There are 2 protein chains.
Amino acid sequence: MDVFEIIAEPTRRAMLDMLAQGERTAGEIGGAFPSLTQPAVSRHLKVLRDSGLVEVRSAAQQRIYTLRPERLAEIDLWLDRYRRFWNGRLNALEGHLARIHDNSKPTSKRKPKQ
Amino acid sequence: MDVFEIIAEPTRRAMLDMLAQGERTAGEIGGAFPSLTQPAVSRHLKVLRDSGLVEVRSAAQQRIYTLRPERLAEIDLWLDRYRRFWNGRLNALEGHLARIHDNSKPTSKRKPKQ
DNA sequence: GAATTATATAAGCCAAAAGTTATATTTGCT
DNA sequence: AGCAAATATAACTTTTGGCTTATATAATTC
């Protein structure tokens with residue numbers, strides 16, 4: 001599953017945020033979402049597990065979850081090409097270059113298709 | 001709409017990527033997605049418009065789209081708390097601190113709920 | 001002003017995602 | 001062995017998002 005879709009879910013983001021503080025048991029994580037039933041929590045955890053964003057290990061009946069954030073770098077990488085826009089590095093020249101892009105004909109020349 | 005959900009859609013991400021190169025007309029954008037019908041493209045553009053990630057202006061019958069990436073900073077901000085993990089700044093001490101988090105009782109003390 | 005081009009909106013359909021209840025699995029305790 | 005605790009899975013329902021076809025709007029050209 002695509003990491004962008006996984007973090008699109010606010011509950012899952014919040015779960016990752018918890019785990020960024022340190023390991024947590026499934027029960028502790030679930031406790032932070034009183035509005036969700038236990039299976040709902042468990043399913044989100046499964047999504048995170050399957051995506052590789054978290055890891056589990058057992059301690060008695062409990063499952064201890066650990067953050068495994070490396071795949072978040074994919075998002076960071078995608079953002080790279082936009083960062084310049086809010087970095088102040090987008091100066092007048094860059095703005096201008098972006099505006100007068102390669103395609104000099106505003107009227108489309110592509111296949112009609114419609 | 002939540003910016004995380006908006007960029008979860010691969011087509012919309014690709015559209016933003018196009019606009020990162022410079023302005024494009026709706027037709028040019030649609031041309032880049034031959035598998036999509038015109039209304040499908042138009043709907044994605046509407047989502048991007050409503051979210052504030054792009055802006056439009058008219059030139060005759062054409063609509064010219066411009067990137068407006070400021071809201072992507074929300075994602076960048078969220079990533080901040082994870083960046084240290086792949087920045088190599090997560091050293092042995094930090095890893096240790098994360099592991100022995102505040103909650104000293106592995107056995108949950110929260111309300112049963114289940 | 002009628003036809004054409006460019007784009008948007010409406011309405012309905014379908015698939016995927018998330019939630020629910022019920023049940024299974026695993027481990028610990030007495 | 002039997003029961004309780006912690007968590008996962010199954011089966012089903014509901015919601016939502018994106019797609020499609022059909023139609024509307026707006027500017028352009030003949």
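Labels below follow one simple rule: chain letters A, B, ... track the order of the sequence lines, proteins then strands, and each chain is numbered from 1. None of the values given here were measured: they were computed from a predicted structure. Worth knowing before you read on, the calculation uses all heavy atoms, side chains too, and leaves out hydrogens, waters and symmetry mates.
- The base of D/dA8 is paired with the side chain of A/Q38 by a donor and an acceptor separated by under 3.5 Å.
- A salt bridge does not link A/R57 with A/E55: every distance from a Lys NZ or Arg NE/NH1/NH2 to an Asp or Glu carboxylate oxygen is 4.0 Å or more.
- Contact between the side-chain N/O atoms of A/H44 and the OP1/OP2 oxygens of C/dA17 is not found at any separation under 4.0 Å.
- Distance from the side chain of B/T25 is smallest for C/dT7 among the nucleotides D/dA10, C/dG28, C/dT7.
- Look at CD1 on B/I29: it is 9 Å from P on C/dA8, rounded to the nearest Å.
- A straight line from CD1 of B/I64 to P of C/dA8 spans 12 Å, rounded to a whole angstrom.
- The shortest distance between the side-chain N/O atoms of B/Y65 and the OP1/OP2 oxygens of C/dA6 is not below 4.0 Å.
- Nearest to the side-chain atoms of B/A26 among the listed nucleotides D/dA8, D/dC19, C/dA8 stands C/dA8.
- In terms of phosphate contacts, A/R63 brings no side-chain nitrogen or oxygen within less than 4.0 Å of OP1 or OP2 of C/dT27.
- Rounded to an integer number of Å, the gap from B/R43 CZ to C/dA8 P is 13 Å.
- Put simply, CG on A/D2 is 14 Å from C1' on C/dA16, counting in whole angstrom units.
- Between the B/R71 side chain and the B/S51 main chain, a donor and an acceptor come within less than 3.5 Å of each other.
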